[in-house]
Amino acid sequence: MSEPAAHSQVETSTPKELVREPLVLNNRPLGWITNQVAGIVEGDMPKWWNIAFGVSFLLMLMSFGYIGYLITTGVGVWGLNHPVAWGWAIVNFVFWIGIGHAGTLISAILFLLRQKWRTSVNRTAEAMTIFAVICAGIFPGIHVGRIWLAWWLFPLPNANAIWPQFRSPLLWDVFAVSTYFTVSLLFWYMGLIPDLATIRDRLRKNAGQCKTGLDKMINKLKQFLYGLFSMGWIGSNRHWRNYEKAYLLLAGLSTPLVLSVHSIVSFDFAVSQLPGWHTTIFPPYFVAGAVFSGFGMVLTLMIPMRTIFNLEEIITVRHLELMCKVIMATGTIVGYAYGMEFFIAWYGGNPYELYAFKNRAFGPYWWSYWIMISCNVISPQLFWFKWCRTSPWFIFVVSIFVNIGMWFERFVIVVTSLHRDYLPASWGYYSPTQVDILTFVGTFGLFMVLFLLFIRYLPSITIFEVKAVTPQADPHSVEGGADRVKGGDH
Amino acid sequence: MGDAENADWNEREFPEGAQELSDDFSRRDFLKLMGASAGLAGAGMLGVGCRRPEEHIVPFGSEQVAGQDYVHGVPMQFATAMPTRTGATPLLAVSNEGRPTKVEGNAKVAGRSATDSFAQASVLNLYDPDRARVYTKNDKAMPGGKASAIDQLKKISGKTAFLMPASTSPSRAALIGKIQEKMGENAAFYVHEAADFGVHARGAQAAFGEAVTPYWKLDQAEVILSLDCDFIGTEEGSARFAADFAKGRKVAKQNDGMNRLYSVEALLTQTGANADHRLRARATAIPAAAAFIAKALGKAISVPANALSEAQEKWLAGAAEDLKAHAGKSLVVAGYRQPESVHQLAHIINDALGNNGKTVTFHKTPANEFGSLADLASDLGKFDQVVNLGCNPVYDGGTDVDGKAITEKTTFRLTDYAEDESHSVKGVNAPRAHYLESWSDARTDDGTIVPVQPLIAPLFGAMTELEVLAVFAAGENTSPRTGHEVVQSTFTGDSWERYLHDGFLKDSGYEEATELTIANADVTVPPAQAEGLEAVFTLDYSVGDGSYANNGWCQEVPDPITKITWDNVLSVSRQTAQAAGLENGQLAKVKVGEDEVEGAVWVQPGQAEGTVGLTLGYGRAGKLRIANFKYEGQAEDIPVGGYNAYAVRGSSAVNVAQNVSVESTGKAYPLSSTQEHWSMEGRPIVREATLKEFRKDADFVDHMGLGAHARNEGPIYQHPYKERPRLASDMHQWGMSIDLSACTGCNACVIACQSENNIPIVGKDQVAKGREMHWLRIDRYYTGRDHDPRASAGFIKDEGQNGDDEQHTEEWIDDPQVVNQPMACQHCENAPCESVCPVNATVHDEEGLNVMVYNRCVGTRYCSNNCAWKVRRFNFFDYNKRPINDLYGSTAMLKPSILTDWITSREKSNRPEDEWDLVKLAKNPDVSVRMRGVMEKCTYCVQRIESTKIIKKAAAGMSDDVQVVDSDGLKTACQQVCAAEAISFGNLLEDGSEVNREKANPRNYETIDFLDNRTRTTYLAKLRNPNEQMPDAYKKPFSTKEYKAASGGHGDDAHGDHEEGSH
Amino acid sequence: MSNIFPKWTNRLPLILLVGGLVAGACVVAGVTYYFTPKYTRVGYEPIQPVAFSHEVHSGQMGIDCRYCHNDVDKSWFSNIPSAETCMKCHTQVLADDPRLAPIRESFEKNKPLPWVQIHKTPDYVYFNHAVHVNRGVSCVSCHGKVNEMDVVKHSKSLSMAFCLDCHRNPHENVRPQDEVFNLNWEPPAEWDSEREGKGLVDQMKIRSAESCSSCHR
Amino acid sequence: MSKSFAIMAEYETPAEIMDAAKKVHAAGYEKWDVHSPFPIHGMDDAMGLDNAKVGYFTFFGGLIGFTTGMTMQYFMNKFDYAIVVGGKPLFSGFFAFPVSYELTILLGAFGSLIGMFVLNRLPRHHHPLLANERFADVTDDKFYVVIECDDDHYDEQTTRNLLEGTNAVHIEMVEGTE
């Protein structure tokens, strides 16, 4: 990788270790960035895409089949019982919602923190958020006993003149998850508008090369669609001004939103009076866990994607390394939280709480607890070593462990606290059934179907933001043409 | 109300298109009007412009069809009785829309409204889809029903043997007398019961030389010694015994007295579980124990050598000492399993102590002059044919009796089921009438004559025993009398209507025999078998002798001791299991003599070493869909419906068998139990104390648990009742108190609740998965002497097919104490389930009830998770309308007919047609039948509260006398059926109400008090009354010591209370 | 190379916005009226097997409701009379009128007449006639002016909202007990529901609860 | 020749267009605009634009969200059908806060987005620039200054001279109507 030709003046005197890696390697021109990213959308997909799409589609159909079977037969087809009335469905719900939070974090919080490196990963992360929330949204829907009356959860007037009950965290969930989905969608769509315009214009430019009538017709249709959704964007600076302000406001709103959504998801457990659930550490612990598993999933998706579509120069190793640091930070927070729960249970002197945590570690579900600990607390510590943080295949493996660990954390929280609580007479044992497992596997199919469609039809990297952070975009830098302006005043 | 049988109920067509029974021969002749709320209309929204399907209201054909004072929608009560082996349970049967749905005790006769669990379950037997419905002759249907059966009976001539179940019916005795006059030698009568309770009378006869029967008065006794006598559980008349025994257990003030129970037994029975001192002894060693006691009281009785261990003799000496100290105020009782000699010894001991006439009286009862099944089997050759009036010799006759030969010779049989073990293709098979649809009479255990009055015309035109005998007793050309005429003829009282209305004949009891003296005092007891295994046959707490095996409620109610449903087990003690290499939950082969049977092993705490407990009543053959319940995916090699203990039992006289061997087959057997964890883990859920401790510190309950430590500054916000007083009723606030000292754990309340509230059964595999639907469960914990729960394996890591496997291997379970706690919804004022329900489906009404609104529930199940007591039950499947042996398969995706049925008519079920029609009749129309996806729980019988309030308001008219108080007779179903009267329910705003008195008792406490849920159901702590002189004495109940050990030894008397009693 | 979108599309968003709001309002209004019992139940007037006229019997001849519905003050279910009650008069009156043939036939053969049900609460609702009728709530409150109906019509929606309104302020619908079966009774001029109505409610200690256990169990 | 809509100058680097913008702004034009593939830092001051007003939409959106949330819950759980639940108060700010908080953010977000679209008068799918050949590179790597003909300072020649004074690589007229 050749040393970039010239740095902008401000950085020449800094020592070698502190020299920031450029965000786009090899000082690529703006046009190259557009071709590189928009080219994926225009060209026809490599063969593996069709295979991957087919497999995911089948998984999705399997999942919908099982959901149909569940709804026509009853919730009994799952492994639930008394006392464990929540099982895999709720674990999967929290797991998928947790994965979603990284997207909003990257696009909103890192935007507020002026972290420029976010530009090449934020759209994929936001797309991942929306698809994760879609997968998450399925579970609260299908896990209720009478799904055809689930519309009662919404505050709609009805002939019975009775309203939902707002003290219930499940109702907060309804508002939180639907708000989160809507705001993430708006945020994602707003980010897409300029890039849709880019594709629209490229289609308009090479409309001429289309030979056959069919290509022409497809090109016209694509132009219509991309044009429609780009809202007639013409890159006017007056529009950019409002756009940037709106983007800043949305980022400003999304940051407290993402913190509140997973806090409200944690209220589903923290508001109850079960030993092991009723702890005030849950909101921060869940948010840290969400960001932790979210970044895990971002890395799991990004690393193969950057190699397949050779975007290594835009999603550089520096990006991966920074994300590993975030994983290490949040992983340690989660590890701290596990320890703190044990300490508080012991210190509080409540025998029921103490038993709940001893039972987690040594009770019938000891194996799930120790998988959780090893995946969530031990594997991120490997990122202390520079080599681990910078070799993509290793990061990919650790990111898989992160998500396995986080799924088990939710499993431990939900099932171990339910299966043994206050009265020993009502203790029970829960084991999932085939319907539990395959519905969950199916939702990965749904996630991949949506993600593959996103890669296929939409630019997976925010072109204009990447351009904006390259030296060529800085009017004061040499690459930005500062030297060309005669007597340009600085 | 005139007798129901004559009223010609006109068959009604249900508006919802209820179908005729599928069999064309059956004739359904009862009233079924709109209003049986069979299904819950789930769909909320209507298509625009279209209306609900047209429905019809169908009045009666004419006014007198319904009977003078029949009002549709108002339940009516009729006095009747359920005949049992040695007497009858007087009942008030509730008839809803012409069909019996619930039975309660007739307080006028028995002095209490309580019954045992079998009476409660008997209602479901009336609607059993497997009942015989068709009269058949030589296995071909016989048109003409009862009339043609009577013609067949008339043709019977020659030497006839009558095989009859035991009964105390005066009418039957009268008919038998007439038949003996008419047929003389040609008629011989034999009585057969699977369990022989005649031993009590024979023992008394042997002791006093007169035909008398003992009548125990446990409430008069301060010290009771039970020699393998399970008077709370399997003895006949257990409801009365439990009621009298519990009177002595209730302690209100510190100086109240309390009785004391000693129990010597082989198996852990309910009586042993409630004993203050319990001695484990082999069943064959108990006669020696009786002899030892008699000798200790100065009687010249020889005790067989080395039958009792040295520790056992010390224990018995202590008990004898205590008996002597309470002469005249004590009682020794012997169980039905013990031989006659033990009963004789018991009477001798009672006589020596001067108890006779005080704690036990004797009634002059006619000696039993009928032969037994064994007699019939031996002189079968003499008879031309046998008339079987309801026995099942092939199943419960025993191995010594050739049941097959008897059925070969049977030309006429009254049969309960269409096809059971003794079904023979030859001869006439007539459906046998259930007691709720037959005319008869009986005598209770104190001899009072009670009528058995039908609530409904026989469902399948069934015949009663009296009608069959009436044919033989009829004169040459006179037509045989009907059951009603027979009973009316034997009635000797003054007013027939009053007899039927009150349900008993005043002072028609047995004559009491006074001044009885011991006729012969020298009794030799059989020798004990020291080594090897012995088998003890016992009746089952759930299905009795097998007659309730096809009853869904009985199969699914958890056994009070093992908490296992749907199966019987081979119970062995821990050491015996280790010695014989038996694994808990594995199939093992039991060999008694040369018969053998395979059953599941269950390591039972508190069982005597060297004994194997075999429970009768299971392993039924024949077309019995509940007894032989096969769930989806049940492996082929797993035996269905438990094992048949009768296959290794000689005859009904055999209760203990020697030379027994057991070896494991290694195959696992899926047992489904509702409570898999035994230890209370040192948690102050059931709080106990000894009487001495209670006298020292009355509020000992307040020093236990976290509640004792939590300062209660009161809530940070006002309860809505105070925030907006209009939301709280100023007339009624309901509460309940359960006295754990009085509760014996007999399960009657569980089945009464199931019958009252339309609770479905779910099947064996669903129970194993933890989905049983009982709203009320009885939690049974074992507590061990010097057992620190934190050290026991149960605490750390155990799971497995039978739940907690390792607890079967720990020593503390050998001599445990047992605590029972009825657990249902606590109706908290700060209910954790309400605040988490997102759709207002479970809310608090203004009278303090935690109301569960089934039609509003969408089934998120968070309420069940947030309930600390886990007393909420979820309809995981549609247990009412879909077949419980095909729950996973009966889905619209696999069977589209389900969807089309649902669209055409919401009432149509997907269960086999005959099953749905019948089971729907047993439902209580005042309680919604829940569909799948809906949560349900104990509602304090809100339907009874509402109907009592409505009756009072309707009667009040313009006046304001609308407050319901105790005198209005409002009782929840569990309170009503509890023999021990442990449950009291009532209006907290009525000062002086029974529930307020109970809650004022110092022993009153909330189970989990520190969560500030403020439960309306509170418990009275359990008191034990140990005798310090006894070798196994204890200063504190084991649970209190476990609580101290688990909470790090601190607590109010941390300064070490040393235990002086040796082990 | 012209624009993909014609010029008028620039005005489209405004049109869609306004149109959407208006259409939404119409749909909501339609659903709140047509989908609720106010429409699906009220006005339901099925043809009965016999053209019995309440107007003639109860309106003109003034027969008391309880003559036919005799169990209304004893049970939750207000019964429909059997043919025998009709024949108490119709053996003499209109003895051979063809319109009464089904009644006569039902009386002779004891075969009940399938009257078409009009007022029906769902299975999970436990409405009790006795407690209302005995405590100052008249038939007219729920069934409307039956004495003026030639053919019985479903006059009130009988939805949960309808019941709740009355349970929340019973004083507006309570009347003296002896006027309960007088369907033509109107509160006299000086009758003020706040005073007399509330008076009756306090005097009779009427606790018409809003909580679910009063109707659902 | 149909009436031309505007004059368009093309630039290759952000610095050059920044300089051109300053000149055009200095010349006092109002109906003109800069078009770039990405927002150029500092261009707003170069064009003399004041602060964007999207914030007001967001604020009022959030305010409406919060008030609807609180009043909805008060109306439903305390005012219209007061039901006793869990011993908890009929209405309290604590349990009502999460839902109101979420509605604040939701309507705030809608406010921002709709504010942006309203202030930019988007969606405008028909625009003369969209038909222009060269203008297609605005979303790639070229920068454009567009001065509309009906700007009162606009004059055929002086405007063209002004633009030629900048580093424009290409200048042409844009046809079509608004």
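Throughout, protein chains are lettered first and strands after them, A, B, ... in sequence-line order, and every chain is numbered starting at 1.
Contacts between A/Y189 and chain D at a heavy-atom distance below 4.5 Å involve the side chain alone, from C-beta outward. Looking at A/R200, the atoms closer than 4.5 Å to chain D (heavy atoms on both sides) all sit in the side chain, from C-beta outward. Heavy atoms of A/L228 lying under 4.5 Å from chain D belong to its backbone as well as its side chain. Residue contact with chain D, scored on non-hydrogen atoms closer than 4.5 Å, is absent for A/P169. Contacts of A/Q472 with chain D are made by backbone atoms alone, with heavy-atom separations under 4.5 Å and no side-chain atom involved. Using a 4.5 Å cut-off between heavy atoms, A/P164 contacts chain D through both its backbone and its side chain. In this structure, the portions of A/Q165 lying under 4.5 Å from any heavy atom of chain D include both its backbone and its side chain.
Between D/F95 and D/Q73 the shortest heavy-atom distance is O-OE1, 3.9 Å. Taking every heavy atom of both residues into account, D/N167 and A/R484 meet most closely at ND2-O, 3.2 Å.
Between chain D and the options A/S263, A/G232, A/G480, heavy-atom pairs under 4.5 Å are most frequent for A/G480. Ranked by heavy-atom pairs shorter than 4.5 Å toward chain D, the options A/L186, A/V183, A/I33 are led by A/L186. Between chain A and the options D/P37, D/G42, D/G69, heavy-atom pairs under 4.5 Å are most frequent for D/P37.
Within residues 43-56 of chain D, the residues having any heavy atom less than 4.5 Å from a heavy atom of chain A are, in residue-number order, D/M43, D/D44, D/M47, D/L49, D/D50, D/N51, D/A52, D/K53, D/V54, D/G55.
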